[in-house]
**Student:** 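Before we start, here is the structure in question, set down as structure tokens.
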Amino acid sequence: MQIGVESSRAVENKRVFVVDGDEITRAVLQFMLHDENETHEFADVAQAYDKARQWKPDAILLAMGLVEVHGIGLIEQIAARVPGVKIAVVCDSAADPAARRCLQRGAHTLLAKPLTIESVRRKADLLLGRRSALTIPVHVT
């Protein structure tokens, strides 16, 4: 099922890795992105590194929880092991000081919860260098 997918993006081959220890969040992000991207999900960073040797990702959505477990240096480690990859840290709040430190250490953006199809796809498009369509909310009274 494809929800609001531009046909040009559906045939474009951009690869996104979702790396999160939480199975539900991984599945949600994979579902939101799979129509417009080749999306793979991994429970840990080691699995993502193994797959990246064969299929280099264009972007990685990395759980803040994994950064907390492995340390803030994980961002730099990913950048070194997967050169050129764009990294978004999935966090509870973009105002969280720990999440902000990820930006200082090389993450390209933060993806704050709650996760919606629109917000996730918009962030992924920006990471992948795609232009995002301007949307203007309309309030019906």
Side-chain angles (χ1 to χ4, degrees), residues 1-140:
M1 171 173 62
Q2 294 187 332
I3 303 168
V5 177
E6 287 186 32
S7 58
S8 63
R9 291 184 183 169
V11 297
E12 186 181 45
N13 193 22
K14 295 287 186 173
R15 187 172 293 128
V16 178
F17 284 8
V18 177
V19 186
D20 195 322
D22 177 33
E23 182 178 4
I24 294 171
T25 303
R26 265 194 337 266
V28 166
L29 288 168
Q30 195 278 341
F31 174 78
M32 290 178 175
L33 293 172
H34 83 277
D35 286 339
E36 294 181 349
N37 305 284
E38 179 185 330
T39 308
H40 302 270
E41 56 179 286
F42 305 97
D44 62 56
V45 181
Q47 292 174 332
Y49 288 150
D50 287 344
K51 186 60 114 180
R53 283 194 304 248
Q54 300 165 356
W55 297 338
K56 183 181 176 289
D58 298 292
I60 293 177
L61 304 185
L62 178 67
M64 185 68 206
L66 291 175
V67 174
E68 291 167 348
V69 168
H70 295 281
I72 192 75
L74 179 61
I75 304 294
E76 294 162 332
Q77 182 185 72
I78 290 171
R81 291 189 69 174
V82 189
V85 73
K86 303 291 184 178
I87 302 168
V89 176
V90 181
C91 56
D92 289 331
S93 168
D96 177 11
R100 306 295 302 167
R101 281 192 296 279
C102 291
L103 293 173
Q104 295 168 349
R105 296 296 285 270
H108 296 88
T109 192
L110 301 175
L111 179 55
K113 296 177 182 178
L115 302 172
T116 65
I117 289 176
E118 295 83 10
S119 68
V120 170
R121 287 185 178 175
R122 190 174 314 115
K123 284 286 185 172
D125 285 346
L126 291 172
L127 278 175
L128 297 169
R130 295 176 179 149
R131 292 186 180 227
S132 186
L134 177 64
T135 59
I136 301 170
V138 177
H139 298 287
V140 179

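What's counted below: heavy atoms across the whole structure, side chains too, no hydrogens, waters or symmetry copies. Keep in mind the model is a prediction, meaning the values are calculated, not measured.
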**Student:** How close do Ser119 and Leu111 get, counting heavy atoms only, and between which atoms?
**Tutor:** O-CD1, 4.1 Å
**Student:** Report the residues that fulfil salt bridge (Lys or Arg N to Asp or Glu O under 4.0 Å) with Glu76, sequence neighbours left out, ordered by chain and then residue number.
**Tutor:** Arg105
**Student:** Can you sort out the partners of Glu41 under side-chain hydrogen bond (donor to acceptor under 3.5 Å, both in side chains), two or more places apart, ordered by chain and number?
**Tutor:** Arg26
**Student:** For Asp22, give me all partners under salt bridge (Lys or Arg N to Asp or Glu O under 4.0 Å), at least two apart in sequence or on another chain.
**Tutor:** none
**Student:** Excluding sequence neighbours, so at least two apart, what forms salt bridge (Lys or Arg N to Asp or Glu O under 4.0 Å) with Lys51?
**Tutor:**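 For Lys51, no residue satisfies salt bridge (Lys or Arg N to Asp or Glu O under 4.0 Å) once neighbours in sequence are set aside.
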**Student:** For the residue pair Glu36 and Asp125, establish whether any side-chain heavy-atom pair is separated by less than 4.5 Å.
**Tutor:**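 Glu36 vs Asp125: side chains touch.
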**Student:** Which heavy atom of Cys102 sits nearest a heavy atom of Val67, and at what distance?
**Tutor:** SG-CG1, 3.9 Å
**Student:** Sort and list the pairs that fulfil salt bridge (Lys or Arg N to Asp or Glu O under 4.0 Å) and have at least one residue in residues 61-72, not counting sequence neighbours.
**Tutor:** none
**Student:** Identify all side-chain donor-acceptor contacts of residues 53-64 below 3.5 Å with residues at least two apart in sequence or on another chain.
**Tutor:**
from	atom 1	to	atom 2	distance (Å)
Arg53	NH2	Asp50	OD1	3.2
Lys56	NZ	Pro83	O	2.9
Asp58	OD2	Arg15	N	2.7

**Student:** Check side-chain hydrogen bond (donor to acceptor under 3.5 Å, both in side chains) between Gln47 and all other residues, then give those that pass, not counting sequence neighbours.
**Tutor:** none
**Student:** With sequence neighbours left out, which residue pairs that include part of residues 95-121 fulfil the ring pair (Phe, Tyr, Trp, His ring centres under 6.0 Å) condition?
**Tutor:** none
**Student:** Would you say that Ile75 contacts Arg101 through its side chain, given a criterion of any heavy-atom pair below 4.5 Å between the two side chains?
**Tutor:**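 No, every pair of side-chain atoms sits at 4.5 Å or beyond.
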**Student:** Quick check for you: to the nearest 0.5 Å, what is the distance between Thr39 atom OG1 and Gln30 atom CD?
**Tutor:** 5.5 Å
**Student:** Rounded at 0.5 Å granularity, tell me how far CG in Leu127 sits from NZ in Lys123.
**Tutor:** 8.0 Å
**Student:** Between Phe17 and Ala48, what is the shortest heavy-atom contact and its length?
**Tutor:** CE2-O, 3.5 Å
**Student:** Look up atom CD1 in Ile24 and atom CG in Leu29, then write down how far apart they are to the nearest 0.5 Å.
**Tutor:** 12.0 Å
**Student:** For a quick test of your reading: what N or O donor-acceptor pairs under 3.5 Å do the side chains of residues 84-100 make, sequence neighbours left out?
**Tutor:**
from	atom 1	to	atom 2	distance (Å)
Ser93	OG	Ala95	N	3.1
Asp96	OD1	Ala98	N	3.2

**Student:** Find the distance between NZ (Lys14) and CG (Leu33) and round it off to the nearest 0.5 Å.
**Tutor:** 14.0 Å
**Student:** Over 60° means perpendicular and under 30° means parallel, so tell me whether Phe31 and His34 are parallel, tilted or perpendicular.
**Tutor:** tilted
